[in-house]
4 protein chains.
Amino acid sequence: MARGVNKVILIGNLGKDPEVRYFPSGDAIANATIATTEGWKDRQTGEAKEATEWHNVVFPGKLGEIAGKYLKKGSKVYVEGSLRTRKWTDKEGKERYTTEIRAQEMQMLDGRAGGAAPMGEERGGYGAPQPSRAPPRSAPAAAPAADMDAPFEDDDIPF
Amino acid sequence: MARGVNKVILIGNLGKDPEVRYFPSGDAIANATIATTEGWKDRQTGEAKEATEWHNVVFPGKLGEIAGKYLKKGSKVYVEGSLRTRKWTDKEGKERYTTEIRAQEMQMLDGRAGGAAPMGEERGGYGAPQPSRAPPRSAPAAAPAADMDAPFEDDDIPF
Amino acid sequence: MARGVNKVILIGNLGKDPEVRYFPSGDAIANATIATTEGWKDRQTGEAKEATEWHNVVFPGKLGEIAGKYLKKGSKVYVEGSLRTRKWTDKEGKERYTTEIRAQEMQMLDGRAGGAAPMGEERGGYGAPQPSRAPPRSAPAAAPAADMDAPFEDDDIPF
Amino acid sequence: MARGVNKVILIGNLGKDPEVRYFPSGDAIANATIATTEGWKDRQTGEAKEATEWHNVVFPGKLGEIAGKYLKKGSKVYVEGSLRTRKWTDKEGKERYTTEIRAQEMQMLDGRAGGAAPMGEERGGYGAPQPSRAPPRSAPAAAPAADMDAPFEDDDIPF
DNA sequence: TTTT
DNA sequence: TTTT
């Protein structure tokens, strides 16, 4: 029932190791910052220039586990996801907004992915992409994340 | 475990009504041709030119049902999918190849989608898109499609 | 010389008319807010849910002129662009960040685009997305574009 | 004046060295085959499966030169382009069709790209994929935009 | 074969 | 603030 497209595709490098946390439900969630660099030549001087853009990426669920396990500072990754702007309140009580990319697919582009290493993506064929959740999953630990409240609540997972 | 990205995004119009068929399993599959037109101005004469590209799109499973129900000749659609080249043998016994876009997501862009009309897409939140298969599904009829054999066979659905 | 990919694809509706401004150079720039809505079914209750995401989109240059001329509140558009997070200082002197989508391509999906209406896109063939810039450029607010002549070579085949 | 979207995004490896040719005009054009592999788990047996898709990619113009110079068998690349189906006649005089991806952007993902190596991308422009150059640009005229300063300054046009 |  |  979607009435729109909200898609982001990034290829870039992690600024630092991802931070993984767990919900009481056992669901993992990882946060990472990914840099994409664009270069161009100065029209006048001809000198090479470049600008780096930093993206806040959230890897939910199984993707978060994989990100935590296989990605590290400097890792080059392909990420496909959607934009989500979260509202939060800073310590002064002011409303602030942060825009994140919520990853739906990830691929490691380093080659260092290691032999048996799973690739993090779990599309499946027939008809549609596949949900990446691990079924029962017991409980790890740690604090949940503000970025996982609405509209995707724990008791409200759309699959 | 994907090791690559194979993604197509189209916005175009159907050349004719989609053709829907069903597998014995009850799984639907629809085929459609979608035109994307690109225009430009002739560098020399300045006259407007345009070229139309025709794409063979396959909508598997539930997406096929929706395509058959809501799309028709002329419908404008957004399609996201992947490329797949099928080998087949013509009547002279020669090997031929056809490249298709296997749709993973579809959105109608006509506005004529009709009130209660489902949108065909079934992404779900938390972690990853959701599979679109219809649960029990009994058996309709008709000839299956060569384009649905490997690698996604009936007893081989990846989710 | 890019070393990364930073791509956003949106299909959504404008929340209000775009705001167009001009630089002394005559370059236009338009800002718009675009809503993308995603729906899903509550896993437990089965009830339909939806969430709308608002995106700040910047249309630079000629795209800005077109946006200002043809888009309005409610318009459905396809936008392709890149993410850019700007740092700014609020009235209390605090650093704030805003993430925008800088449009590189736009297409109107309303059908109401009107007969002779230009479509805003300016890709060109031969080898790469063409830099459509019109060098001298003086005239503001109006000044059509020289940016649709080349890039199709010779006898003009856009291969 | 485009009235459609025809976009392909691939990440894969070259099956063999690219073949570069030149037009009398001096324009280069390179052809390559790129493999994308998709894996999934058999729903019943649980065994890992995978299928490889081969894509015919055409790199026109400057992209062709770069491809010829820096890509080789096995190279991992990101390619963005559009689909184009060409009609040709085989030796028996029968009409055949071949679908190709016409590259508009390419990035090497091997790390072996070598220091000074150009990356093959050629976006530029004004109103198209672009660094939003605003030539003279100094004072705004109307609420300038913070979003048009860096990183694309006047004397700093990326093409 | 579509569409604007 | 949009849209279906």
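Below, chain A is the first sequence line, B the second, and so on; all start at residue 1.
Atom pair C:Asp17:CG and F:dT1:P shows a separation of 15 Å (rounding to whole Å applied). If you measure from atom CG of C:Leu109 to atom P of F:dT4, you get 13 Å, rounded to the nearest angstrom. Going from atom CG of C:Leu14 over to atom C1' of F:dT3 covers 11 Å, rounded to whole Å. Whole-Å rounding puts the B:Lys76 NZ to E:dT1 C1' distance at 16 Å. Distance, B:Met108 CE to E:dT2 C1': 15 Å, rounded to whole Å. The separation between B:Ile34 atom CD1 and E:dT1 atom P is 17 Å, rounded to whole Å. One interatomic measurement links the two molecules: NZ of C:Lys72 to P of F:dT3, which rounds to 11 Å at whole-angstrom precision. What separates CD of B:Gln107 from P of F:dT3 is a distance of 16 Å, to the nearest Å.
Distances were taken from every side-chain heavy atom of A:Arg3 (C-beta onward) to each of F:dT2, F:dT4, F:dT1; the shortest belongs to F:dT4. Among the nucleotides E:dT2, F:dT1, E:dT3, the one closest to any side-chain atom of B:Ala35 is E:dT2. Closest approach to the B:Asn13 side chain among F:dT3, F:dT2, E:dT2 is made by E:dT2 (side chain taken as heavy atoms from C-beta onward).
Put simply, the side chain of B:Glu38 does not reach to within 4.5 Å of the side chain of B:Glu53, judged on heavy atoms.
Base engagement by C:Thr52 is indicated by at least one non-hydrogen atom pair under 4.0 Å involving a base atom.
Where stacking is scored as ring centres under 5.5 Å apart with planes under 30°, C:Trp54 does not register as stacked on the base of F:dT2.
C:Lys16 meets the side-chain contact (heavy atoms from CB on, under 4.5 Å) test with C:Glu19, C:Thr33; sequence neighbours excluded.
Here the straight-line distance linking atom OG of D:Ser82 with atom CD1 of B:Ile9 works out to 13.0 Å at 0.5 Å rounding.
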Give the intermediate values and the outcome of side-chain contact (heavy atoms from CB on, under 4.5 Å) for residues A:Asn56 and A:Ile101. CA-CA 6 Å; A:Asn56 296 310; A:Ile101 289 92; over 6 Å; no
